Amino acid sequence: MAAKKDFDRKDLKIPVSLGVIMDGNGRWAKKRLLPRSAGHRAGAENLKELCRNCGRYGVKYLTVYAFSTENWSRPEDEVNQLMKLFVEFFNKYDPELEEEGIRVRFTGDIDALPENLRKVCREGEERSLHRQKMQLIVAFNYGGRREIVQAAQKIASKVASGEIDPDDIDEQMLSDNMYLPDVPDPDLIIRPSGEMRISNFLLWECAYSELWVSDCLWPDFGYEELTRAFEAYTKRDRRFGGLSREDNK
Ligand code: FPP
């Protein structure tokens, strides 16, 4: 029987900014002798659940890894199905996101996408601008290294035009030139499916993120696993390079 959902647990520390690497759709489908596309479909369905659960728990920014700059190397058929699913997701679930007060934004090399996908991103962002409970940030055509390269290019062009001096470049300036500088760095990054890698996700932003890996495959990652992740996060002693709470006494 599914656990009763309690979004008001005072003993839990909830991350303000959460990142999720939605991994394991293919393995989920394989276990059921289904095509990979069925795994992605179940994964998209689960993303809707995650949004609802995170919003109700009080997460303010949820960044999900939906399609990386490297995912274009998958078979053409799988890429096409993922794009179709992406368009469908925002048509099908937007009323529910509206009901839950979830604003949608995109991070990644969106300008490099074909116009039909750029339009989905643009319209999704515009129609949800007023929603205030949580931001869902979809990393789409996203690569952490590409994000850093593009930030470096923006800064380099300011140096070339004489607007800034190379000595003015500091960490804050790099942060300010990432895709969404107003979104706080993730406090916690969750990776289902047991893989212990960051896979080019939020490379600049994850410097001090806590990591939590679950063996659960993404389509099965529900309220209970999310709660386990928050329980583990609650116990973490975040030091940001300093001393622990105990050592400071
Ligand atoms: C990784 O699993 C998952 C992806 C590359 C796609 C993630 C997409 C979704 C969850 C659904 C669509 C998203 C939106 C925004 C509608 P994998 O296929 O690499 O799994 P495997 O490692 O088990 O093969």
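Numbering of ligands and ligand atoms starts at 1, following listing order. Being a predicted model, the structure only gives us computed values, none of them experimental.
Here is the list of ligand 1 atoms found below 4.0 Å of a heavy atom in A44: 11 (C). Each of the atoms 16 (C) of ligand 1 lies under 4.0 Å from some heavy atom of F89. Ligand 1 places these atoms under 4.0 Å from at least one heavy atom of D23: 1 (C), 2 (O), 17 (P), 19 (O), 20 (O), 22 (O). Interface of N71 with ligand 1, defined as ligand atoms under 4.0 Å from a residue heavy atom, comprises 5 (C). Each of the atoms 17 (P), 18 (O), 24 (O) of ligand 1 lies under 4.0 Å from some heavy atom of R36. For ligand 1, the atoms closer than 4.0 angstrom to any heavy atom of A66 are 6 (C), 7 (C), 8 (C), 15 (C). For ligand 1 and G26, the ligand atoms under 4.0 Å from any heavy atom of the residue are 17 (P), 18 (O), 20 (O), 21 (P), 23 (O), 24 (O).
For Y65, no nitrogen or oxygen atom sits less than 3.5 Å from a nitrogen or oxygen atom of ligand 1, counting backbone and side chain alike. Residue F86 has no N or O atom closer than 3.5 Å to an N or O atom of ligand 1. Between W28 and ligand 1, no N or O atom pair is found at a separation short of 3.5 Å. Residue-to-ligand polar distances keep E78 apart from ligand 1: every N/O pair is separated by 3.5 Å or more.
In this structure, R74 fails the cation-pi test against W72, since its NZ or CZ atom is not both closer than 6.0 Å to the six-membered ring centre and inside 45 degrees of the ring normal.
In terms of protein heavy atoms, atom 22 (O) of ligand 1 is closest to R27 NH2, 3.0 Å. Annotation: atom 1 (C) of ligand 1 to nearest protein heavy atom, M22 O, 3.3 Å. Looking from atom 14 (C) of ligand 1 to the surrounding protein, the closest heavy atom is L47 CD2, 4.0 Å.
Qualifying salt bridge (charged side-chain N to carboxylate O under 4.0 Å, His left out) partners for E115, counting only residues two or more places apart in sequence or in other chains: R118, R122. Contacts of R27 classified as salt bridge (charged side-chain N to carboxylate O under 4.0 Å, His left out), with partners at least two apart in sequence or in another chain: D23, E195.
Nearest approach of V20 to W218, heavy atoms of both residues: CG1-CZ3, 3.8 Å. Between N25 and H40 the shortest heavy-atom distance is ND2-ND1, 3.0 Å.
For Y223 and F7, the gap between ring centers is short of 6.0 Å. Ring pair F140/F86: centre-to-centre distance below 6.0 Å.
Taking 4.5 Å as the limit, every side-chain heavy atom of E99 sits out of range of all side-chain heavy atoms of R131.
E49 and N53 share no side-chain donor-acceptor pair at under 3.5 Å.
Each of I198, L202, L203 was evaluated against N200; a single residue qualifies, L203, per the side chain to side chain contact (heavy atoms under 4.5 Å, CB included) test.
Residue contacts with ligand 1: E88 is excluded, as none of its non-hydrogen atoms falls under 4.0 Å. Contact between R74 and ligand 1 is present, with at least one heavy atom of the residue lying under 4.0 Å from the ligand.
In this comparison of L50, V104, N25, L217, the heavy atom closest to atom 9 (C) of ligand 1 sits on N25.
Checking side-chain atoms of Y65 against main-chain N and O of S199 turns up a donor-acceptor pair under 3.5 Å.
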